Amino acid sequence: MNRQLMTEFKSFQRRLKTMRRVLVANTKGGSGKTTLATNLACYLARLGHKVVLEDTDRQQSATSWLSRRPESALTLFNAEALSKSALQKADWVIVDSPGGIKDKKISDAVTEADLVLVPIAPSAFDIGAADDFLALLSEEKAIRKQKTFVGLIGMRVTPRTKSAERLAEYMAETEFEVLSMLRASQIYVTAAEEGLSIFELGQQLKEIDIAQWNPVTDWVLQNS
Ligand SMILES: Nc1ncnc2c1ncn2[C@@H]1O[C@H](COP(=O)(O)OP(=O)(O)O)[C@@H](O)[C@H]1O
Ligand SMILES: [Mg+2]
């Protein structure tokens, strides 16, 4: 290919490339936001996409997870370390948000995002808090106008328990799409300790986890 053609091809490629923003949010602390954000980021990086993690939580859990990543791990970028133009060249920006996020900030973050993922753990406290948060989301203009889509994910779920059943019933009654239930498993905890995602665990990654993640990643890829 001659130089002129190559330049044109590259500029065409750049125009095709659009950055997608996924906000992982729930005002309830400990609902699984950081776990979801870091694992999703790695799943997309494994597809060969350029993925940026934006850690908006003062506790900086995602940032410290990034700093624990071994050299052999998939490449992820920290938004903090990137210039605005480098950020624009990303395929995905995954935003991990804090527990006590305020209404105005939620509104701004939702407006900027293409997708919002809400992890909800199975307990009465978590469901109560999620219900307030989802009520807030349903008032958001971007969501009402279907510019931003919301997906719910049951998190840290022990299958065939009463609490799993209650969570499933609750999520099904909301106006939002229910994507999956991710099981409670130590693999999430040990992977996080090592700065890894479950997708980087090799043999330890079980079929059941792949099957539970598939609807999440399919939805993210299809709605972007
Ligand atoms: N599916 C899961 N199975 C087991 N432990 C989980 C799972 N998801 C999250 N955890 C654990 O639950 C705790 C809270 O999750 P985290 O992602 O930090 O929540 P948040 O970011 O919303 O505060 C962490 O210790 C995390 O390792
Ligand atoms: Mg967190």
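Both counts, for ligands and for their atoms, begin at 1 and track the order of listing. Both backbone and side-chain heavy atoms feed into the values below; hydrogens, waters and symmetry mates do not. Residues take their numbers from the sequence shown, with the count starting at 1. As the structure is a prediction and not an experimental result, all values here were calculated from the model.
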Residue, atom name and distance, where the atom is the protein heavy atom closest to [atom]:
atom	result
atom 18 (O) of ligand 1	Thr34 CB, 4.2 Å
atom 8 (N) of ligand 1	Met155 CE, 3.5 Å
atom 7 (C) of ligand 1	Arg156 CG, 3.5 Å
atom 26 (C) of ligand 1	Thr35 OG1, 3.7 Å

ask   = Is any side-chain heavy atom of Arg21 less than 4.5 Å from a side-chain heavy atom of Val95?
value =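 Side-chain contact under 4.5 Å: yes.
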
ask   = Should Ile153 and Val216 count as side-chain neighbours, where that means a heavy-atom distance under 4.5 Å?
value =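 The answer is yes, as the side chains (C-beta and beyond) meet within the 4.5 Å cut-off.
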
ask   = Among Val189, Asn26, Ile198, which residue places a heavy atom closest to atom 5 (N) of ligand 1?
value =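 Looking at heavy atoms only, the winner is Val189.
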
inquiry  = Within the 4.0 Å heavy-atom shell around Ala184, which atoms of ligand 1 are there?
reply    =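 Contacts of ligand 1 toward Ala184, numbered from 1: 3 (N).
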
query = Taking only heavy atoms of Gly30, which atoms of ligand 1 are found under 4.0 Å from at least one of them?
reply =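 Under 4.0 Å from Gly30, ligand 1 has these atoms: 14 (C), 19 (O), 20 (P), 22 (O), 23 (O).
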
inquiry  = Using a distance threshold of 2.8 Å, state whether an N, O or S atom of Thr34 lies below it from the Mg ion (ligand 2).
reply    =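 Yes.
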
task = Tell me which part of Arg183 gets within contact of ligand 1: side chain, backbone, both or neither, using heavy atoms under 4.0 Å.
result =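 Arg183 to ligand 1: backbone contact only, side chain stays beyond 4.0 Å.
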
task = Step through it carefully: locate the ring centre of Phe149, locate the ring centre of Trp219, and say whether they are under 6.0 Å apart.
result =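 No: the rings miss the under 6.0 Å criterion.
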
[X]-ligand 1 polar pair, N/O distance under 3.5 Å:
X	result
Gly32	yes
Lys33	yes
Ser185	yes

task = Look at atom 10 (N) of ligand 1 and say whether a protein heavy atom is found at less than 4.0 angstrom from it.
result =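 Within 4.0 Å: yes, protein heavy atom nearby.
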
task = Could you tell me whether atom 24 (C) of ligand 1 has at least one protein heavy atom nearer than 4.0 Å?
result =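 So atom 24 (C) of ligand 1 lacks protein heavy-atom neighbours under 4.0 Å.
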
message = So that I can tick it off, tell me whether Lys145 and Glu140 are bridged by a salt bridge, with the cut-off set at under 4.0 angstrom between side-chain N and carboxylate O.
response =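 Judged by the 4.0 Å cut-off on N to carboxylate O distance, Glu140 and Lys145 do not form a salt bridge.
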
query = Got a salt bridge between Lys33 and Asp96, using NZ or NE/NH1/NH2 to carboxylate O under 4.0 Å?
reply =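 No, this pair does not count.
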
task = Give a yes/no verdict on a cation-pi contact between Lys28 and Phe133, requiring under 6.0 Å between NZ or CZ and the six-membered ring centre and an angle within 45° of the axis.
result =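 No, Lys28 does not sit over the ring of Phe133.
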
request  = Quick one: sort the Trp92 and His49 rings into parallel, tilted or perpendicular, breaks at 30° and 60°.
outcome  =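 Parallel.
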
ask   = Just wondering, more than 12 heavy atoms not from Gln146 lying within 6.0 Å of its CD?
value =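 Result for CD/Gln146: open.
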
query = With a 4.0 Å cut-off on heavy atoms, does Ser31 reach ligand 1?
reply =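 The answer is yes: ligand 1 sits under 4.0 Å from a heavy atom of Ser31.
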
message = To the nearest 0.5 Å, what is the distance between OG1 on Thr174 and CG on Asp131?
response =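 Output value for this atom pair is 9.0 Å.
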
query = Say you draw a straight line from CG of Leu23 to OG1 of Thr56; how long is it, rounded to the nearest 0.5 Å?
reply =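 Taking CG in Leu23 and OG1 in Thr56, the distance rounds to 7.5 Å.
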
